[in-house]
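Everything below concerns the one structure shown next.
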Protein chains: 2
Amino acid sequence: MIRASIPEVSDSVFRLSKITDYGIVILAHLGREPEIVTHNAREVAGQVDLPVPVVSKVLKTLARKGLLESQRGAKGGYLLARRPEDLTVADMVAALEGPLAITECNVAPQLCQHEGHCAVKGPWKVINDVMKEALARVTLADLIDPSFPSEITPLQILGRLPRSETGPGVHHD
Amino acid sequence: MIRASIPEVSDSVFRLSKITDYGIVILAHLGREPEIVTHNAREVAGQVDLPVPVVSKVLKTLARKGLLESQRGAKGGYLLARRPEDLTVADMVAALEGPLAITECNVAPQLCQHEGHCAVKGPWKVINDVMKEALARVTLADLIDPSFPSEITPLQILGRLPRSETGPGVHHD
DNA sequence: TATTTACAGGACCGAATCAGTCCGATATGA
DNA sequence: TCATATCGGACTGATTCGGTCCTGTAAATA
């Protein structure tokens, strides 16, 4: 049987890894229930309908990067390290997947052998910054706000006041 | 010997594939020399300092997607199918790498099993659209313009007049 | 018409990356 | 002391990426 042209997920660009995708859903869950002191992996897994080991891995990463605080031992678990308004999508993506860099030369200087005579380096930096900016202006509070507009123009996002560059207490390693 | 923390290219997000990266550099080269009727793969490879088979592959893809016109046979080669002002970065990326979709549910409906009860679907669509928009407002003409600003605020890009949605004569297959 | 040049399309393969699981160690509460 | 949970990382099968190569076809030239 021939599968008619179902779009392949793989050939799309700028796709987040599943881990990142899960991570953001998980953060949204935690943000939506602030009254619970700590959430353990099993409980979260049940809520977001994902296997426990996967959720556990994501939670560990988020804790190591400083987006969550963790409590070990019996009755332990995780909770948000900041208020939802202070946690941007850019922070989440950076924690789970590394820095935003659409080309090699945006990861670090000297990485691309063509950098010296590359004619389009400047424009790429601009585009890279636009994307960073877009992600930095949407917060966890927006993600869990049911009134967050489902139809919005880019200018409405980009026109917001910028958030502080990387937020407080980000743990880079 | 321990390699001190050199950033790994692999753990960065939203990175374009090398093919796409090459493709855009190649398009910039073609756009910069409009007087030449057709460019063949060997010549282009020499100019952008890349292996001929790689350049050939990229050129073929761009021609198939309608961004380039091709001339077969001796004295054959490629040339831009549109004016640089009418070719957006969004077009280039879409041709070389597929549609822009940061999550599965932005590729096509029904692909993600959690779509029905996903609480953050709406915001992702918004973010996705912002990125698309950013890429759609930079053209090949900008890439080859030496005066294209190297420091610019996102609003300066997003504040531009929008280009026509996908441009004329795009060939989707 | 023969020959050469160059594109068209796709097969192919090794390397790298991804997604998910699992394990031993450690910390905490009862 | 035992049960519960996080911590850190190893491990593996599946997928994707990057790059090469091969066969076929079209055009120009002699």
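Just so it is clear: chains get the letters A, B, ... in the order the sequence lines come, proteins before strands, and each one is counted from 1. This is a predicted model, so every value here is computed, not measured.
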N/O-N/O pairs, protein side and nucleotides 25-27 of chain C side, under 3.5 Å:
residue, atom, partner, partner atom, Å
C:dT26, O2, A:Arg72, NH2, 2.8
C:dA27, O4', A:Arg72, NE, 3.4

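Side-chain proximity of A:Ser17 to D:dC7, C:dG29, C:dA19: nearest is C:dA19. Considering only side-chain atoms of B:Lys57, the nucleotide from D:dG19, C:dG29, C:dC7 that sits closest is D:dG19. When distances are taken from the side chain of B:Ala63 to each of D:dG8, C:dA8, D:dC7, the shortest belongs to C:dA8. Between C:dC7, D:dC7, D:dT20, one nucleotide has an atom nearer to the side chain of A:Ser70 than all others, and that is D:dC7.
In this structure, A:Glu43 places its CD atom 15 Å from C1' of D:dT4, rounding to the nearest Å. Computed from coordinates, the A:Arg64 CZ to D:dG9 C1' distance equals 9 Å when rounded to whole Å. Atom P of nucleotide D:dC17 and atom CG of B:Leu16 are separated by 12 Å, given to the nearest angstrom. When the P atom of C:dC7 is taken as reference, atom CG of B:Leu62 falls 13 Å away, rounded to whole Å. Atom-to-atom, CZ of A:Arg42 to P of D:dA3 comes out at 14 Å; the value is rounded to the nearest Å. Distance NZ (A:Lys75) to C1' (C:dG29): 9 Å, rounded to an integer number of Å. Here the C1' atom of nucleotide D:dA28 and the CD atom of B:Gln71 are 10 Å apart, to the nearest Å. Distance, A:Lys65 NZ to D:dC7 C1': 15 Å, rounded to whole Å.
In this model, no side-chain donor or acceptor of B:Lys18 finds a partner on the base of D:dG19 within 3.5 Å. Side-chain to base pairing of A:Lys60 with D:dG8: one donor and one acceptor N or O lie within less than 3.5 Å of each other.
Of the listed residues (A:Leu30, A:Ile26, A:Val58), just one forms a side chain to side chain contact (heavy atoms under 4.5 Å, CB included) with A:Leu68, and that residue is A:Leu30.
The shortest side-chain heavy-atom distance between B:Val138 and A:Val126 does not fall under the 4.5 Å cut-off. The shortest side-chain heavy-atom distance between B:Met92 and B:Leu27 falls under the 4.5 Å cut-off.
Listed pair B:Tyr22 / D:dG19 meets the phosphate criterion, a side-chain N or O lying under 4.0 Å from OP1 or OP2. Regarding contacts with the backbone of C:dA6, every side-chain N or O of B:Tyr78 stays at 4.0 angstrom or more from both OP1 and OP2.
Listed for the A:Asn128 side chain is a donor-acceptor partner under 3.5 Å among the backbone atoms of A:Ile102.
Closest-nucleotide positions on DNA chain D for A:Leu59 and B:Val52 were compared, and the one nearer the 5' end corresponds to A:Leu59.
Between the side chains of B:Gln71 and B:Thr38, not a single donor N or O lies within less than 3.5 Å of an accepting N or O.
Under the 4.5 Å side-chain heavy-atom criterion for ILVMFWY residues, a single connected hydrophobic cluster contains both B:Ile19 and B:Leu59.
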Can A:Thr139 and A:Asp142 be said to form a side chain to side chain contact (heavy atoms under 4.5 Å, CB included), step by step? CA-CA 5 Å; A:Thr139 68; A:Asp142 292 322; 3.5 Å; yes
